[in-house]
Amino acid sequence: MPQKTLSAFYGKP
Amino acid sequence: MFEARLIQGSLLKKLVDAIKELCTEVNWDISNSGINMQSMDGSHVCLVAFNLRADGFDHFRCDRPLTLGINLGNLAKILKCSGSNDIITMKADDNGDTLTLMFESEKQDRITDVDLKLMSIESEHLGIPDQDYSAETSMPSSEYQRIVRDLSSIGDTVNISATKEGIKFSAMGDIGTANITLRQTSSADKEEENVKIEMKEPVLLTFALRYLNNFAKATPLSSTVQVFLTKDLPVQVNYNIQDLGYVKYYLAPKIEE
């Protein structure tokens with residue numbers, strides 16, 4: 001199963 | 001000038017051991033409020049963050065904000081030279097390229113000092129908002145450790161679901177399937193031995209067990225762990241370090257194609 005990186009969920013501060 | 005003295009020095013050793021396999025080269029941000037780190041693992045699916053509050057140290061001084069680029073593997077090697085009851089003091093100059101660590105024995109009759117070379121590290125910082133969770137579970141950290149370890153012998157991934165029945169961990173592999181369900185408890189002698197589940201909506205997410213197992217390396221830091229599940233978002237696994245701060249792990253869910 002694929003997994004997105006965390007940058008796909010959280011943006012830059 | 002940065003200077004921090006921690007009577008319970010073993011906490012620093014346990015913290016570094018809890019994160020060094022996920023992130024090797026990290027920046028520690030030092031300010032007068034304490035020490036913070038945020039770092040992603042090499043594949044960027046997992047993030048580790050910790051906070052050590054200035055008031056959790058016996059002595060803490062930071063004249064101006066500093067960023068210390070640290071190789072955690074090397075820091076762990078140095079911390080191996082400290083005894084389990086040693087008091088640890090860390091020192092760095094404002095423009096220095098080393099972090100000095102001093103280990104004092106309990107009786108203060110043996111003192112070790114080591115300089116760790118610092119590095120310049122480019123790191124990506126993510127803004128993680130405060131979220132409303134679908135389900136929040138608090139359980140003994142030893143229980144979490146056992147669940148993820150036991151399920152790792154069955155499969156590589158785990159489905160975690162929170163329903164009104166409880167929180168269920170399911171793994172599937174070549175040899176078969178396994179389910180572990182935890183129900184809320186209130187009968188344990190100590191409050192921290194209870195399982196507490198606060199559910200706002202049912203949720204089901206899939207994660208790589210390899211990472212969840214790695215998070216359990218923080219077990220020596222805290223008797224309890226909090227697992228936050230949110231629909232379609234990374235899981236958050238929190239260990240509070242008593243009177244000092246926390247270490248938090250985030251892991252992106254696996255998604256059906």
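Keep in mind that this is a model prediction, so the values were computed, not measured. Convention: sequence-line order gives letters A, B, ...; per-chain numbering from 1.
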Looking at every non-hydrogen atom in both residues, tell me the closest pair between [X] and [Y] and how far apart they are.
X: A:F9; Y: B:D232; result: CE2-O, 3.3 Å
X: A:S7; Y: B:M40; result: OG-CE, 4.4 Å
X: B:V45; Y: A:K4; result: CG1-O, 3.7 Å

Between the main-chain N or O of B:A252 and the side-chain N or O of A:Q3, is there a donor-acceptor pair closer than 3.5 Å?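 Flag set: sc A:Q3 to bb B:A252 pair under 3.5 Å.
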
Within the supplied structure, the quantity of interest is the number of heavy atoms (other residues, nucleotides, ligands) at a distance under 6.0 Å from [X] [atom1]; does it exceed 12?
X: B:R210; atom1: CZ; value: no
X: B:M172; atom1: CE; value: no
X: B:K231; atom1: NZ; value: no
X: B:D150; atom1: CG; value: yes

For chain A, the option from B:C46, B:A208, B:S43 that forms the most heavy-atom pairs under 4.5 Å: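 Maximum pair count with chain A is reached by B:C46.
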
Per-residue contact mode, B:Q38 against chain A (heavy atom under 4.5 angstrom):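 B:Q38 has no heavy atom closer than 4.5 Å to chain A.
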
Pairwise distance CD(B:E124) to CG(A:L6) - rounded to 0.5 angstrom: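 Answer for the CD-CG pair, B:E124 versus A:L6, is 9.5 Å.
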
